[in-house]
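Protein chains get the first letters and strands the later ones, always in sequence-line order, with residue 1 at the start of each.
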Amino acid sequence: MRLNDEQQMLQDSVARLMADKGPVSRLRELRDSRDEKGYDQPLWQAMVEAGLTGILVPEEHGGIAFGLVGAGLVAQEIGRNLSVTPFLSTAVLGATALSTGATAEQQSKWLPAIAEGTALVALAVDEGAKHRPDSLNTRYEGGKISGDKLLVLDGHVADLLLVAATDGSDSALYLVDPKASGVTIERTIMADNRNAARIQFDNVEAEPMADGAAALQAALRAGRAVLAAELAGLSREVFERTLGYLKERKQFGRLIGTFQALQHRAAQLMIDVTMTEALALQALDACDNNADDADAQVFAAKGKAARTALLAGQEGVQMHGGIGMTDEFDIGFFLKRARAGGETLGDANFCADRFATLGGY
Amino acid sequence: MRLNDEQQMLQDSVARLMADKGPVSRLRELRDSRDEKGYDQPLWQAMVEAGLTGILVPEEHGGIAFGLVGAGLVAQEIGRNLSVTPFLSTAVLGATALSTGATAEQQSKWLPAIAEGTALVALAVDEGAKHRPDSLNTRYEGGKISGDKLLVLDGHVADLLLVAATDGSDSALYLVDPKASGVTIERTIMADNRNAARIQFDNVEAEPMADGAAALQAALRAGRAVLAAELAGLSREVFERTLGYLKERKQFGRLIGTFQALQHRAAQLMIDVTMTEALALQALDACDNNADDADAQVFAAKGKAARTALLAGQEGVQMHGGIGMTDEFDIGFFLKRARAGGETLGDANFCADRFATLGGY
Amino acid sequence: MSDLEQFRAETREWLQANCPEEMRQPVRGPEDHCWGGRKWQFQSDAQRVWMERMAEKGWTAPQWPQEYGGGGLTPEQAAILDEEMKRINARTPVSNFGFWMLGPALLKFGSDELKRKHLPPICRGEIRWCQGYSEPNAGSDLASLQTRAEDKGDHFLVNGQKIWTSYADKADWIFCLVRTDPNATKHNGISFVLFDMETPGVTTRPIELISGESPFCETFFDDVKVEKDAVVGELNRGWDVAKYLLTHERNNIGGEPPGYLKGRALGPLAAEHVGTENGKLADSALRADIARLETDHMAFRALVAKVRAEAEAGEGVGALSAVLKYYGTELNKRRYELMMDAMGAEGLEWESERTQGGMFASEWLRSKGNSIEGGTSEVMLGIVSKRVLGLPDA
Amino acid sequence: MSDLEQFRAETREWLQANCPEEMRQPVRGPEDHCWGGRKWQFQSDAQRVWMERMAEKGWTAPQWPQEYGGGGLTPEQAAILDEEMKRINARTPVSNFGFWMLGPALLKFGSDELKRKHLPPICRGEIRWCQGYSEPNAGSDLASLQTRAEDKGDHFLVNGQKIWTSYADKADWIFCLVRTDPNATKHNGISFVLFDMETPGVTTRPIELISGESPFCETFFDDVKVEKDAVVGELNRGWDVAKYLLTHERNNIGGEPPGYLKGRALGPLAAEHVGTENGKLADSALRADIARLETDHMAFRALVAKVRAEAEAGEGVGALSAVLKYYGTELNKRRYELMMDAMGAEGLEWESERTQGGMFASEWLRSKGNSIEGGTSEVMLGIVSKRVLGLPDA
């Protein structure tokens, strides 16, 4: 697919915004200052003003309803800059879940708040080392939820928790107030310096959705597709920084970019990055159009993006040599995010497994 | 492990023998003449005279009992020259099975015949596309065997068939006369121009061994270990021929061996080949010493050898360019054998599966 | 009804009326392809009739100008014709290197005279062309070719040897790179010339491949007389034509496997051979490998679609064609390796009816040539690193 | 009883009597290692006692000559000591770059005077050494180093900057490559010199790695006075010493993972995190990847064993050390990637007690440096292609 004019304009303006207000140096500042919120509040405010928090919120709730391709374009630039925002948790996972499955009342309460930037939302799905959304131990029974969650992105700052639980037959999302009695939240800082949380629910009051099962599935699919775009953007950035280094670093009296073995590896990396970008956009578009193979495309895109981002991070560090190993230099941040983003909502193996099942083998 | 003097002498003499009497050109001759037996009879005779057919036959039965390391050294040279002999089927699989599990009477009848070169033996295990020795459909009941086999190496020229069958509880080997009533043999020529056969057994008289289950397991293990050595030898030969070509072929006004991308790939291939050789010998030695981890070593060796040989074949053809694609040139024979040998007695995935199971995961 | 809708309706009607039933059957293999040419033996009357009827409409080369025997269709119309043909499974009426390679070269570089002479017989399926590029000592380094065309006043005298001339033994004419100025630097002094394969001094010999097929030949030129006006484009500027065609050729690679795997999904095929457990391939490593391959293939298709969309928007493909050539062929090789993994012993039988004479192994072996012919993977990566990434030479 | 048997018996008895119980506990992490040196703070009395007792026997450097403070053991005796120590889990009493690097260099290239001066304090754990090789603009291309040592008659004056000086902030002395002849060609004119890190003009600053650790430093020399007799080997021939040590260093890489994975099998570890189905890892792709890795690792170990056996038989290792360095570090990187795959979210927690402050991610990140430090993988492959395969330069 190619971007239409509107999408192209969005991409250009988001690219400027992220480079201006959310560059990698902000991630470093937040880390070094041990920021309590753990996300870039001025940037988030700027995104609110630009309407980006409402990119998936329907217009009747104050959003701009730009579709997943739009959200993916934002995510690409987030990936390029490693901008630290609750965009994925709130504007993608939260908005998708609520607009898909919430009751009219729930929507009216929360969707405008997301668009206006007055509420942060966090999705609590994972319970163990790996993403296994189909075998949940968290139970919903008689209006109450009990269970332990981890990797709840932005969970310690959220105003609303969407908790995946099973009522014995279906897995669905339930609304939980983070301040409700029985909720214990522990902020966990991950290797990529992003926020996640471990949250325990001990017989906590929870509100069902109109269709919480659909909400869960839609949020996961949207999240994976948008993450694919973020990782594609990250990969592109690492590739370009590395290519630049190949053109400027001298060793053995010549630019290291003249070494054929590195040239071929750089070319192979560029190809992987370019394919990943194309696939991510195509998968987002397939979701927007509810294409028959949208699920397969999303699993392919997320899996491919996870592998490409990791490869880019690995090659990026290796080709930078010693300097790439230092914390002072930025490339390591990308490697860390590549792995954390690759893991989130299902790693490459998880995606391959689902992709194969959809393919009938 | 390092070779002792005796083993070193064996290797040297076998290397001379195979290069003299069993070079790749003989494989081509046999193929082009559509030889009925499909193996190199003069070479086999020379191997009989050198005692190699009895390399795994106990001395009391006229063999030289050189152990699996010895058999592996022979196989390495077979791999380097693509020599076409029933060494694997008869001297390795047949001799191991019989000396492990046959009755004294069966041993006295067949083992000297193997050593003297008067009998060829073929092992019939596989029944479908893939090697699955633990789920056999061939049945042994009331002294009779029924079932369909394929990939029976040298099956159409064998004087004795060792047939793997289940009696409902155990899988074991049984002796069957290829001329017995109910046996239908179809010679199948494989992509590597070796002989295999499809054999149907329709209620055929079969003779049990003393311990046919142990015989089957021992034969499979020995066969895999020896095949690993053959594929290591093949890989070494492909690597050396390719390295030679890199040092002689000019393109763009320079030797192609000066291109760094090819240099690095050649170095990586050499490393894989060298490791494969070391692992194959170590696994053979582990079998000879009945080491605790001999099974794991054999699965590792066969799996690694299958992958290395295929990589060598692929890189060999690619680095030779167009000429490598022609039948006139020998490199393609190695690629074909790499795949066929890799498939025989369990491919790399089969070996990895077993290796993982032995490792407890 | 818009013009295009009307064109579609008429095309559908015409195809319905004119495409013989037999030509609407799926192609079973290379033997069903109609190559055309003087030596061509039609497989059936239907094949001949279909070719002739399409040629008459100019639809054997739908987008070539009508004055040269083509259909004069716009890209949109050509796309509709293609869709309508696919709708009824209509086979390609005729095709060979004249359509794929020489035609585009002549349309871009040829004189009006050359176009008038050569394009109509191609469109009518009367002349089958082959390509004379590679030489034994000029493989990847194509421009180092040695075949010489000496200027003898009213003609050239061509001497030398070509290799990898596809189906040269079956072709009528050859388009050929020859050195017309031995003193010029490597990429200069090459011309792109055309001559009849029946010209005295031309001999050709098929090369057997490791796959058992012989689609290529060695071709020898011994004092072959070639007319002076048989040069396409400028004298000594043949490299421009060759480069254009190489890029054009690479654009045609869409990464879809040919032969047995065409239109067949690898996963379900593997399930037939390897078996399943709880609905998943019994060989779990193979399952992971196939899923990774198919994921990469989906990514590749997304890239191809993007490049095509950009090309249609006039952004040009350029060096990206090297990306497609490289990745498409490597993907294809991986696919055949996994096919062989899946088929095991059954894929390895060489001389048996079950495998149609070793079709599986043969296609697997043939795929190894994909990353060599038309520019090796190494050359493609070199082009990418220089022309796309802008990495400097040593 | 043979001499060796007797040696074994005596060694066993001595270790039993002298190795404190606390020093027989498995090492939990780098914090348990005894580095020695002037600034060293012993973790416990046991650590100090164990070091002193072993030093007294000369067994901190078992094979070094007794006259220089070593144990004077034969290789066979040293192997027995090693076995006996392993038998009771005895920890290494003390170790640092003095043992690993400077000692071997002095023994091969040093004057008797230098050996007498420097080896005994190393053996006694009194002086901790660091290595000054790399410079900001001389990474893989080590020989292009710029740090200058100017001949001032009775001393050198050293100016310049080193990077990747391991634990320079904790070391007492440095062995250092400096340029003593700026007019010589690149590999000539370099000398291998020794000086005290407390010499005026030496400053050092730790570098934080992406893993969060700071094992390396930047070290600056500003008019540092170095004695003329502090040169190891010949003046301007320091490259010979450096090359010898680089090869020596690479030999020490056996491909066994350090840290958390040391002695831990990846498969069962993955099973704990990922779970199993029918006794097999629930993530079948991961299972295949781990089996392939462990297969390669077994092959690598077989190669290491073979190289060691050949080295013991006097056949020399030479350029094969580049093979071991390359493959061992790449294997290690693959292993950590799979560990992270297996541990998923649990491996990614950075600031938590559960992960001991992000130990898993930290070790994963640290492993990326393995293929850079001590010669990059690319440099290793270059050495292999040139010196083992004999491939020519462009």
Contacting region of [X] [heavy-atom separation from chain D under 4.5 Å]:
{"X": "F299(B)", "answer": "neither"}
{"X": "Q260(B)", "answer": "neither"}
{"X": "D272(B)", "answer": "side chain"}

- prompt: Would you find more than 12 non-hydrogen atoms of other residues, nucleotides or ligands less than 6.0 Å from N4(B) atom CG?
  reply: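 Yes - once you tally the heavy atoms of other residues, nucleotides and ligands closer than 6.0 Å, there are more than 12.
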- request: May I ask you to check whether over 12 heavy atoms, not counting those of D292(B), lie within 6.0 Å of atom CG?
  value: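 At most 12 heavy atoms, drawn from other residues, nucleotides or ligands, come within 6.0 Å of this atom.
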Under a 4.5 Å heavy-atom cut-off, does chain B meet the side chain of [X], its backbone, both or neither?
{"X": "V388(D)", "value": "side chain"}
{"X": "E378(D)", "value": "both"}
{"X": "I290(D)", "value": "both"}

query: For the side chain of Q263(B) and the backbone of P392(D), is there at least one donor-acceptor N/O pair under 3.5 Å apart?
result: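 Yes; at least one donor-acceptor contact below 3.5 Å.
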Considering all heavy atoms of both residues, which atom of [X] and which atom of [Y] are nearest to each other, and what is their separation?
{"X": "L391(D)", "Y": "G257(B)", "result": "CB-O, 3.8 Å"}
{"X": "A267(B)", "Y": "V384(D)", "result": "CB-CG1, 3.7 Å"}
{"X": "P268(D)", "Y": "G359(B)", "result": "CG-O, 3.8 Å"}
{"X": "M298(D)", "Y": "A296(B)", "result": "SD-O, 4.2 Å"}

Rounded to the nearest 0.5 Å, what separates atom [atom1] in [X] from atom [atom2] in [Y]?
{"X": "L324(D)", "Y": "I271(B)", "atom1": "CG", "atom2": "CD1", "answer": "9.0 Å"}
{"X": "L266(D)", "Y": "Y361(B)", "atom1": "CG", "atom2": "OH", "answer": "7.5 Å"}
{"X": "L389(D)", "Y": "L246(B)", "atom1": "CG", "atom2": "CG", "answer": "9.0 Å"}
{"X": "M275(B)", "Y": "R301(D)", "atom1": "CE", "atom2": "CZ", "answer": "12.0 Å"}
{"X": "E277(B)", "Y": "K306(D)", "atom1": "CD", "atom2": "NZ", "answer": "6.0 Å"}

task: Find out whether R287(D) and T357(B) are in side-chain contact, i.e. whether some heavy atom of one side chain is under 4.5 Å from a heavy atom of the other.
output: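 SC-SC contact between R287(D) and T357(B) confirmed.
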message: Only pairs of heavy atoms separated by less than 4.5 Å count here; which of R254(B), H264(B), K247(B), M270(B) has the most with chain D?
response: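 Most heavy-atom pairs under 4.5 Å with chain D: H264(B).
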- prompt: Do you know which of D296(D), L281(D), V274(D), D393(D) has the most heavy-atom pairs under 4.5 Å to chain B?
  reply: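 Of the options given, most contacts go to D296(D).
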task: Just give me the residue among T295(D), T276(D), L303(D), V323(D) that pairs up with chain B most often, heavy atom to heavy atom, under 4.5 Å.
output: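 Counting heavy-atom pairs under 4.5 Å, the top option is T295(D).
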- request: Kindly determine whether R307(B) and R292(D) satisfy side chain to side chain contact (heavy atoms under 4.5 Å, CB included), including the steps that lead there.
  value: CA-CA 10 Å; R307(B) 286 191 288 135; R292(D) 287 167 181 171; 4.3 Å; yes
task: Answer yes if the side chains of Q268(B) and Y326(D) hold a donor-acceptor pair under 3.5 Å, and no otherwise.
output: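 Present: a donor and an acceptor within the cut-off.
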- prompt: Do S385(D) and R265(B) meet the criterion of a side-chain donor-acceptor pair at a distance under 3.5 Å?
  reply: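 No - no donor-acceptor pair under 3.5 Å links their side chains.
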